[in-house]
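Chain letters run A, B, ... following the sequence lines, proteins first and then strands; every chain starts at 1. Basis for what follows: all heavy atoms, side chains included, without hydrogens, waters or symmetry-related copies.
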Amino acid sequence: MQGYSRSNWLSNLDTEEIQSLQINASLPSSLTIFPPPITIGDVMDLLAGLNPQQQQALTAGPGPVLVLAGPGSGKTRVLTHRIAYLVSQLGVRPYNILAVTFTNKAAREMEARVEGLIGEVRGLMLGTFHSTCARILRREAQHLPFESNFVIFDSDDQVTLVRQICKELNLDDKTYRPHSIHNRISGAKNELILPEDFPILTYRDEIIQRVYQRYQALLLNSNALDFDDLLLYTANLLDANIEVRQTYARRFEQILVDEFQDTNMAQYRLLMHLASFHKNIFVVGDVDQSIYRWRGADYRNVLRFENDYPDSVVILLEQNYRSTQNILDAAMAVIEPNPNRTHKNLFTEQRGTGNKIVLTECFDGREEGKFIVEKIALSVAQEGREPGEFAVMYRTNAQSRLIEEAFIMNNLPYKLVGAQRFYGRREIKDVVAYLRLVHNPLDEVSLLRVINTPRRKIGGKTLADLHRRATQTGQAQTDILLDLAQHDAESAHTHAFTPAAGRSLTAFGALLAGWLDAAQDLSPMELMDLILEDIQYQDYLDDGTDEGVDRWENVLELRRVAAEYEQRDLGEFLEQLALVSDQDTIDETENVPTLLTLHAAKGLEFPVVFIAGLEDGTLPHQRSFDEPESMAEERRLFYVGITRAKDQLYLVHAENRMTYGYSEPTEPSRFLDDIPAELIDGLGHVRAGRPSRSVRQQYSWDAAASSSAAIIQPQYKAGMNVRHPSWGEGMVLNTHIDGGDEIVDIFFQDIGLKKVVAALAHLEIMDG
DNA sequence: AGATGAGCGGTTTTT
DNA sequence: CCGCTCATCT
């Protein structure tokens with residue numbers, strides 16, 4: 001039923017009309033311009049199914065509200081229901097609501113759920129911090145030192161730029177590693193520290209300040225912003241420009257923030273400015289899930305919020321709707337040792353105690369992969385689980401490789417979360433750089449990337465000449481190229497180059513001129529097609545290897561993404577590309593296991609979760625050892641991983657792990673010691689057996705294969721004590737099905753490890 | 001200008 | 001172990 005509703009009615013109006021109505025509406029008048037607040041059902045419908053704390057959160061306010069939401073406590077539900085409540089019960093116009101999240105995926109999900117509650121909502125400002133800021137900055141560009149068609153530099157571009165500057169300043173890139181300098185710059189930006197205010201304690205700081213200064217200047221030269229700039233410029237604009245601040249502060253009657261514990265200083269200040277007029281700011285967070293300190297996030301913003309708004313309502317959500325009690329108990333035990341936290345009691349009312357947590361020790365990373373894949377295959381084949389119900393999580397991306405290999409070896413499909421994996425590829429970056437250059441010809445990082453890709457005989461010497469010429473004439477490099485193309489040999493610039501170089505540059509300028517011209521009336525995809533054709537990119541990639549073919553496939557994949565932007569302009573397409581997060585690329589329609597980092601897992605849930613690589617040095621990561629605050633964050637990371645699991649949790653560690661090419665023995669993660677033994681299946685540390693020769697035949701989760709496979713149940717369990725007629729007593733370490741037989745690995749007291757075919761070996765079980 | 005190979009350094013996590 | 005930078009050669 002989409003009857004007469006205020007939101008539907010409003011959706012037909014554009015913003016100017018709404019603003020004029022707003023003025024009218026405030027006039028004393030007998031005329032009712034707005035109908036009374038709509039009632040889609042009534043408030044009871046929105047409250048239904050919510051527990052008392054959730055209900056309190058839903059209707060809290062006016063004024064600041066802080067919701068401390070444990071994992072799985074229904075915070076997304078609270079957020080979405082609250083938006084629905086504001087719109088449908090309090091009559092707040094969607095246009096006057098701002099909701100911010102950290103990923104596009106979270107934003108999309110929120111939008112879908114709000115629409116599910118109250119129908120289509122137009123005008124609501126809902127997005128990530130970064131995309132919201134980009135919107136504001138494009139709109140307010142007249143107050144700012146860049147144009148509204150600015151491009152967003154990704155982390156690669158950012159480091160490239162720093163590297164350029166280091167060269168320019170003749171810095172030794174061993175002592176001044178571009179990555180580390182960029183980190184410092186980024187850290188400063190997150191704290192809203194401008195180059196001139198950069199604190200100088202050492203000589204190194206002085207250098208960094210110089211680079212920072214130059215970095216900002218070059219970004220502006222390129223009409224480009226980096227991720228941090230999006231927040232920084234917006235926060236500073238709101239800080240400095242009272243009019244702009246008032247415009248937005250008055251507009252946003254209601255502000256809602258997800259994952260508040262992961263805000264940094266810039267984001268915090270930004271929010272405070274936006275909320276400065278109405279002060280209706282509703283933030284949801286969990287300090288125990290704060291895992292982005294290295295990116296400037298500061299969970300103390302939660303405390304800061306309480307200080308800045310002493311009258312704020314604080315609501316605690318503890319009841320968990322996701323996990324079994326065993327999983328919650330383990331999670332609590334892991335997080336409890338962290339200092340400076342308030343105890344939260346996670347409990348479930350409907351999920352029950354659940355299975356114990358399975359802890360497994362494998363010989364090395366390879367076996368770890370095999371163990372996981374085998375376990376998944378077995379569950380699919382025997383327990384009727386769907387492949388998509390499984391997730392494998394790890395601390396570092398590098399760990400995914402061995403796990404992937406195990407899947408590939410068994411010819412089983414999986415999906416890997418990680419946008420960087422795709423958008424960081426050379427061929428993708430090339431094509432995107434071409435598009436970016438056409439969108440914003442000032443973008444020198446992109447120009448540099450594409451001007452000689454494919455090879456056009458434009459080398460370092462020629463580029464230096466071009467750069468010098470640009471500096472001398474005060475023109476952009478692109479302008480010189482275009483001028484060469486336009487006047488051919490007659491250009492005023494021609495003499496600045498050798499004849500051969502001049503010809504190459506002129507030819508490239510002509511290409512660029514063509515694209516700039518064509519871009520006016522082409523969709524992003526059409527423009528991409530034109531460029532690919534002009535530069536013969538497919539031929540360039542095709543080097544006769546499989547890799548070349550793969551690369552072209554990736555380009556076609558990007559083309560498919562571009563095709564979705566038929567109705568929108570190039571700028572929007574490029575912005576999306578720059579701001580995709582790893583989570584955003586998760587394809588939920590594919591029914592296969594998910595591989596992802598613990599960071600990427602935040603906010604997600606899976607029936608069965610494997611956490612791999614639980615060793616000291618990996619989780620907690622080595623680089624966190626010396627800093628207590630970092631160790632606490634590693635613990636939170638583990639906590640986040642554990643609390644993703646709904647039904648079953650597997651914790652896996654390897655006795656040996658490859659680092660830098662050679663294998664080293666490891667210690668199990670110290671965090672494992674904090675999980676009470678009674679929550680763990682078996683005796684704790686159980687060695688995984690040798691993997692079966694081929695799990696593929698038995699455990700394939702192709703529907704046909706899994707239903708037709710002859711399935712036998714293992715009769716033995718790890719931890720059992722058994723007696724063999726001739727080898728004596730031993731303990732079962734592992735058991736698996738291979739070729740229709742149950743193979744049991746047994747450690748015999750007298751003779752050591754043996755593999756035994758259960759059906760042939762007359763084993764006697766001595767205990768359960 | 002561009003292709004090839006030795007040497008090196010590096011790994012956390014990502015909008 | 002792998003990917004990247006730099007030097008040397010064609």
- Does a nitrogen or oxygen in the side chain of A:N190 sit under 4.0 Å from OP1 or OP2 of B:dT15? no

- Query: Rounding to a whole Å, what distance do you find between A:D226:CG and B:dT15:P?
  - Reply: 15 Å

- Message: Rounding to an integer number of Å, can you tell me how far A:N104 CG sits from B:dT15 P?
- Response: 9 Å

- Item | Stacking of A:W294 on B:dT13 base (centres under 5.5 Å, planes under 30°) | yes

- Qualifying salt bridge (charged side-chain N to carboxylate O under 4.0 Å, His left out) pairs with a residue from residues 181-194 of chain A, counting only residues at least two apart or across chains: A:R184-A:D205, A:K189-A:D226, A:K189-A:D229

Which atom pairs link the protein and nucleotides 4-10 of chain B when you take only N or O atoms and keep those under 3.5 Å?
from: B:dG10; atom 1: OP1; to: A:R177; atom 2: NH1; distance (Å): 3.4

- Options B:dT13, B:dA1, B:dA3, nucleotide nearest the side-chain atoms of A:T462: B:dA1

- Query: Looking only at atom P, what distance separates C:dC4 and B:dT13, rounded to whole Å?
  - Reply: 15 Å

- Task: Determine the Euclidean distance between corresponding C1' atoms of C:dC6 and B:dT11; express it in Å to zero decimal places.
- Result: 22 Å

- Item | Options B:dT11, B:dA3, B:dT15, nucleotide nearest the side-chain atoms of A:R455 | B:dA3

- Task: Using whole Å, report how far CG of A:D229 lies from P of B:dT15.
- Result: 17 Å

- Task: Would you kindly compare A:G661 and A:Y292 by the position of their nearest DNA chain B nucleotide and give the one closer to the 5′ end?
- Result: A:G661

- Message: Whole angstroms only, please: what is the CG-P distance between A:D156 and C:dC4?
- Response: 10 Å

- note: A:I451, atom CD1; B:dA1, atom P; distance rounded to Å ~ 12 Å

- Item | Pairing residues for A:T597 by the side chain to side chain contact (heavy atoms under 4.5 Å, CB included) criterion, not counting sequence neighbours | A:Y394, A:N397, A:H599, A:A600

- Query: What residues form a side-chain hydrogen bond (donor to acceptor under 3.5 Å, both in side chains) with A:Y434, not counting sequence neighbours?
  - Reply: A:R456

- Query: Distance under 6.0 Å and angle within 45° of the ring axis: does A:R636 meet both against A:Y639?
  - Reply: no

- Check whether any side-chain heavy atom of A:E655 sits under 4.5 Å from a side-chain heavy atom of A:E367, and report yes or no. no

- To the nearest 0.5 angstrom, please state how far the CZ atom of A:F671 sits from the CG atom of A:L637. 9.0 Å

- Task: Take atom CG of A:D154 and atom C1' of B:dT14, then tell me their distance rounded to the nearest Å.
- Result: 12 Å

- Provide, to the nearest angstrom, the distance between the CG atom belonging to A:D157 and the C1' atom belonging to B:dT14. 15 Å

- Query: Which part of the nucleic acid, if any, lies within contact of A:Y662, taking any heavy atom under 4.0 Å across all strands shown: a base, the sugar-phosphate backbone alone, or nothing?
  - Reply: nothing

- Nucleotide nearest A:R401 when distance is taken to its side chain, options C:dG3, B:dT14, B:dT11: C:dG3

- Item | For atom CD1 of A:I291 and atom C1' of B:dT15, their distance in whole Å | 13 Å

- Message: Tell me whether the side-chain N/O atoms of A:S155 come closer than 4.0 Å to OP1 or OP2 in B:dT15.
- Response: no

- Nearest-nucleotide 5' precedence on DNA chain B, A:G460 against A:H621: A:G460

- Item | Contact under 4.0 Å: A:T396 side-chain N or O vs B:dT11 OP1/OP2 | no

- Query: Would you say a side-chain N or O of A:N397 is under 4.0 Å from OP1 or OP2 of B:dT14?
  - Reply: yes

- Describe the nucleic acid contact of A:D228 in one word from base, sugar-phosphate, nothing, applying a heavy-atom distance below 4.0 Å. nothing

- Residues pairing under ring-ring contact (aromatic ring centres under 6.0 Å, His included) where one sits in residues 610-633 of chain A, two or more places apart or in two chains, turn out to be A:F610-A:Y650

- Message: Listing request: all salt bridge (charged side-chain N to carboxylate O under 4.0 Å, His left out) pairs with a residue in residues 609-620 of chain A, at least two apart in sequence or in separate chains.
- Response: A:E615-A:R657, A:D616-A:R670

- Choose from C:dC1, B:dT15, B:dA1 the nucleotide whose nearest atom is closest to any side-chain atom of A:M658. C:dC1

